*Asks:* 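What follows is a structure written as structure tokens; I'll ask about it next.
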Amino acid sequence: MPIAMILMALLGKLAERRFPEIAPLKRNIALGLVTSVIMQSLVAAISAGTVVGFADGDLFRQAWATAFVTAFPVGLALALLLTTLIKPGLESFLRR
């Protein structure tokens, strides 16, 4: 979870600089989607490597895809919850 928070903070700063004209809610939703894809890809790679190893590339890719598709909906829901509800509240609290 700390890695996700750091990644989200870095990507959030990048998105604010790169796309200042986009509404904050839309930017946060896009940020949640990107963060979820990155984090679930890493988790799926670790899970696939642990279960089947890295020696057989085809088997690893199949295990990675299965793990990614299985975990992505939960990761997406958590990332969207974090970016749309929790992150704005934390930012307003830290500005005080």
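Values in this document were obtained by computation on a predicted structure and should not be read as measured data. The figures that follow rest on heavy atoms only: side chains count, while hydrogens, waters and symmetry mates do not.
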*Asks:* Tell me whether Glu16 at atom CD has more than 12 heavy atoms from other residues, nucleotides or ligands lying less than 6.0 Å away.
*Replies:*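 Counting neighbours around CD of Glu16, more than 12 heavy atoms of other residues, nucleotides or ligands fall under 6.0 Å, so yes.
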*Asks:* What's the shortest heavy-atom distance between Phe60 and Gly49, and which atoms?
*Replies:*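 Shortest heavy-atom separation between Phe60 and Gly49 comes out as CE1-N, 3.5 Å.
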*Asks:* Can you tell me how far apart CD1 (Ile22) and CG (Leu31) are? Round to the nearest 0.5 Å.
*Replies:*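 If I round to the nearest 0.5 Å, the distance is 11.5 Å.
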*Asks:* Are the side chain of Arg27 and the backbone N or O of Phe19 linked by a donor-acceptor pair below 3.5 Å?
*Replies:*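 Flag set: sc Arg27 to bb Phe19 pair under 3.5 Å.
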*Asks:* Considering all heavy atoms of both residues, which atom of Leu80 and which atom of Thr84 are nearest to each other, and what is their separation?
*Replies:*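 For Leu80 and Thr84, the tightest heavy-atom pair comes out as O-OG1, 2.5 Å.
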*Asks:* Between CE of Met39 and CG of Leu78, what distance do you get to the nearest 0.5 Å?
*Replies:*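 Interatomic distance, Met39 CE to Leu78 CG, rounded to 0.5 Å: 11.0 Å.
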*Asks:* With the side chain counted from C-beta on, respond yes when Ile29 and Leu33 share a heavy-atom pair under 4.5 Å apart, and no when they do not.
*Replies:*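 Side-chain contact under 4.5 Å: no.
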*Asks:* Rounded to the nearest 0.5 Å, how far does CG of Leu11 lie from CD1 of Ile6?
*Replies:*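 The distance works out to 12.0 Å.
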*Asks:* Should Leu82 and Leu42 be regarded as members of a common hydrophobic cluster, given that ILVMFWY residues are connected when their side-chain heavy atoms come within less than 4.5 Å of each other, either directly or indirectly?
*Replies:*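 Cluster IDs for Leu82 and Leu42 match.
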*Asks:* State, to 0.1 Å, how close Ser36 and Gly75 come at their nearest heavy-atom pair, and which atoms those are.
*Replies:*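 Shortest heavy-atom contact: OG-C, 3.3 Å.
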*Asks:* Begin with the C-alpha distance, continue with both residues' side-chain angles, and end with the deciding distance and a verdict on side-chain contact (heavy atoms from CB on, under 4.5 Å) for Val37 and Phe72.
*Replies:* CA-CA 7 Å; Val37 168; Phe72 184 70; 3.7 Å; yes
*Asks:* When clusters are formed by joining ILVMFWY residues with side-chain heavy atoms under 4.5 Å apart, either directly or through shared neighbours, do Ile86 and Val34 land in the same one?
*Replies:*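 Cluster IDs for Ile86 and Val34 match.
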*Asks:* For a quick test of reading the model, state the closest non-hydrogen atom pair linking Trp64 to Ala48 and the distance between them.
*Replies:*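 Scanning both residues, the minimum pair turns out to be N-CB, 3.6 Å.
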*Asks:* Closest heavy-atom contact between Ser41 and Phe68?
*Replies:*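 Shortest heavy-atom contact: OG-CE1, 3.7 Å.
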